[in-house]
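Each chain gets a letter, A, B and so on, in the order its sequence line appears, and its residues count up from 1.
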Amino acid sequence: VVRCQLSPPQRPLQASAVLRRVSDEQKKEPLASSSQQQFDSHPTDHQPEEEPQGPRPSYTGQGGQESEDYESEEQLQHRILTAALEFVPEHGWTAEAIAEGAKTLGLSVAAAGMFHSDGSELILHFVSQCNTKLSELLEQEQKLVQLGEAEKKPTDQFLRDAVEARLRMLIPYIEKWPQALSILLLPHNIPSSLNLLTSMIDDIWHYAGDQSTDFNWYTRRAVLTGIYNTSELVMMQDSSPDFEDTWRFLENRVADAMNMGNTANQVQSTGEALVQGLMGAAVTVSN
Amino acid sequence: VYQVFESVAKKYDIMNDSMTLGIHRVWKDILMHKMNPSPGTLLLDVAGGTGDIAFRFINYVRSVRERQLQRKLKHHQNLSWQEISESYQEDKFKSLGDSQVVVCDINKEMLKVGKQKAQHLGYSEGLSWVLGNAEELPFDDDKFDVYTIAFGIRNVTRIDLALQEAYRVLKPGGRFLCLEFSHVSNPLLSRLYDLYSFQVIPVLGEVIAGDWKSYQYLVESIRRFPPQEELKAMIEDAGFLKVDYQNLNLGIVAIHSGFKL
């Protein structure tokens, strides 16, 4: 097993203990000598420069770039975090859960030291995973509609279903989710968590068929964000069977939002009617 | 190097306190927090002579374990008496949760002082003392979860060999941690530091330990030691990944960390 060290080309090639070949795990014999020459002549993409605090794995992009065949450290980190999720109900969103996850992959528990000790990365990883799952779900639904196999849902129904689907992903972790929410609000996490939230809301509106390019774009995002956050909070305290109360709350909020749009129009037209009435009255009086 | 430490062993701790004005305790505490070991961790502390890191490790793991047990008890509110008594049985004997630390040092005297300290402070379980050379460790491959070397690596003649050995004995996923004096880049602090090192420390050495030469050597070895970036490159050369360092006190001391991935 050969791994290419990056910066100075003079570095001796070392065997990597854990990073495995992404292309295939079944193949036993790696091409030793030929790959050596290959790595020597093509120094591959530079690893992101490490600051004293260590790099944070990126959530919006793909994994880091490294030699073509081996997984990067980021991909390994993602694998560890995914494995750690199953220990969350027991240990919470903590470094302990990450350590247990690392153990299942055959790594030492010390590998959890790669992450922040408050479990932030685990939560962000989970949120990012949920958002991806939601996008895929919406994508599939859209395809069905395009193929004519399903009816296009009215907007309020669409929003309700999308938010419900996304909130349901929290159910296995619901007991520890309040803890996760509080960690996401820590100052050093806010940029990432806000980013994830806004891109998720964007996604939902995109699949809902939102084409607006005007001021409406902002109001729609703000409204849906409000609906999502409040529903999430309601869900934390909900003890009804299958969270019925939460879905009803969600339904009401979405309906409110829809009405708001209508009400705005109504107010405008009422205003206009009122003004005309007053004008008429004024004319009558003056005559 | 051996003789330096032979003469220094007994007064090692006192000298540490006086030279660094007690801050070395804080540095070692920070190292332990960075490690954040969970119960069940196997630690190898190299050049750990008088056991400072080892004792801190045991304390840390014990308190983590206690918290774990408390949390478990809270969850046991709904269990039957039978189940509760069974869980008490299994947890009772694991106050350290299977964590262990092996202290390895090249110098018998340092180990002796360490063992005495352990007895004196009441540390008994989870601790072992091994005589060994950092450049050629008497351990099998892939054994330890964490390898630490606190203020020891600058005394190793072939640092690259020590790093390679560290890589060898660590399990996949294992962590390398090195606490060491390093390079101060701030010019003002650098001058003050130099003044303190060359004027004050050997004098303290003479007064407290009766040994000017050893402490002169100490200060010079600090100056000769590679700075942060260079050490980081050496660690990467040995095969470690995700190598980074954290400066403490503006660079007087630095903690380097790497993973065997």
Side-chain angles (χ1 to χ4, degrees), chain A residues 3 5-8 10-20 47-57 64 66 70-77 79-80 89-92 94-119 175, chain B residues 33-44 61 64-65 67-68 71-72 75 97-99 141-148 160 164 167-168 170-177 228-229 232-234 236-248 251 254-261:
Chain A
R3 185 185 172 268
Q5 296 285 17
L6 294 171
S7 331
Q10 262 67 11
R11 288 246 178 97
L13 297 171
Q14 284 273 357
S16 166
V18 169
L19 297 184
R20 50 164 203 207
Q47 251 175 349
E49 231 354 276
E50 310 228 339
E51 304 148 5
Q53 297 303 321
R56 318 203 73 192
E66 268 235 3
Y70 286 85
E71 68 174 358
S72 66
E73 293 152 18
E74 279 198 24
Q75 287 171 313
L76 176 65
Q77 283 180 313
R79 268 204 299 146
I80 295 179
E90 188 188 338
H91 293 282
T94 57
E96 273 169 25
I98 302 180
E100 292 291 323
K103 253 205 295 200
T104 57
L105 291 180
L107 294 178
S108 152
V109 291
M114 281 196 283
F115 307 97
H116 217 231
S117 54
D118 64 359
E175 271 179 43
Chain B
H33 264 98
K34 193 170 168 94
M35 192 196 301
N36 194 16
S38 43
T41 301
L42 194 52
L43 169 68
L44 173 64
V61 165
V64 171
R65 182 73 180 150
R67 254 186 292 141
Q68 253 185 5
R71 244 185 295 146
K72 267 203 199 152
H75 280 214
D98 288 333
S99 325
D141 298 2
D142 301 338
K143 262 199 82 181
F144 295 98
D145 291 304
V146 186
Y147 173 111
T148 52
D160 53 339
Q164 279 172 28
Y167 191 84
R168 182 179 69 79
L170 276 177
K171 282 191 213 161
R175 189 173 196 184
F176 169 86
L177 282 168
Q228 288 87 329
E229 281 293 328
K232 174 176 163 193
M234 291 170 81
E236 281 171 348
D237 272 339
F240 290 101
L241 295 182
K242 287 197 81 67
V243 181
D244 74 17
Y245 58 85
Q246 186 187 352
N247 276 341
L248 304 178
I255 300 182
H256 280 75
S257 158
F259 290 89
K260 175 174 177 173
L261 290 178

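- Looking at Ala102(A), neither its backbone nor its side chain comes within 4.5 Å of chain B, counting heavy atoms on both sides.
- Closest non-hydrogen pair, Gly113(A) versus Arg175(B), comes out as CA-NH1, 3.6 Å.
- Asn36(B) touches chain A through its side chain: at least one heavy atom from C-beta onward sits under 4.5 Å away, while N, CA, C and O do not.
- In terms of heavy-atom proximity, Gly173(B) sits nearest to Ser108(A) at C-CB, 3.8 Å.
- The two residues Val109(A) and Asp145(B) have their closest heavy-atom pair at N-OD1, 3.9 Å.
- Atom NZ of Lys103(A) sits in a sparse spot, with 12 or fewer heavy atoms from other residues, nucleotides or ligands closer than 6.0 Å.
- If you tally non-hydrogen atom pairs under 4.5 Å between each of His256(B), Gln228(B), Met35(B), Gln68(B) and chain A, the highest count goes to Gln68(B).
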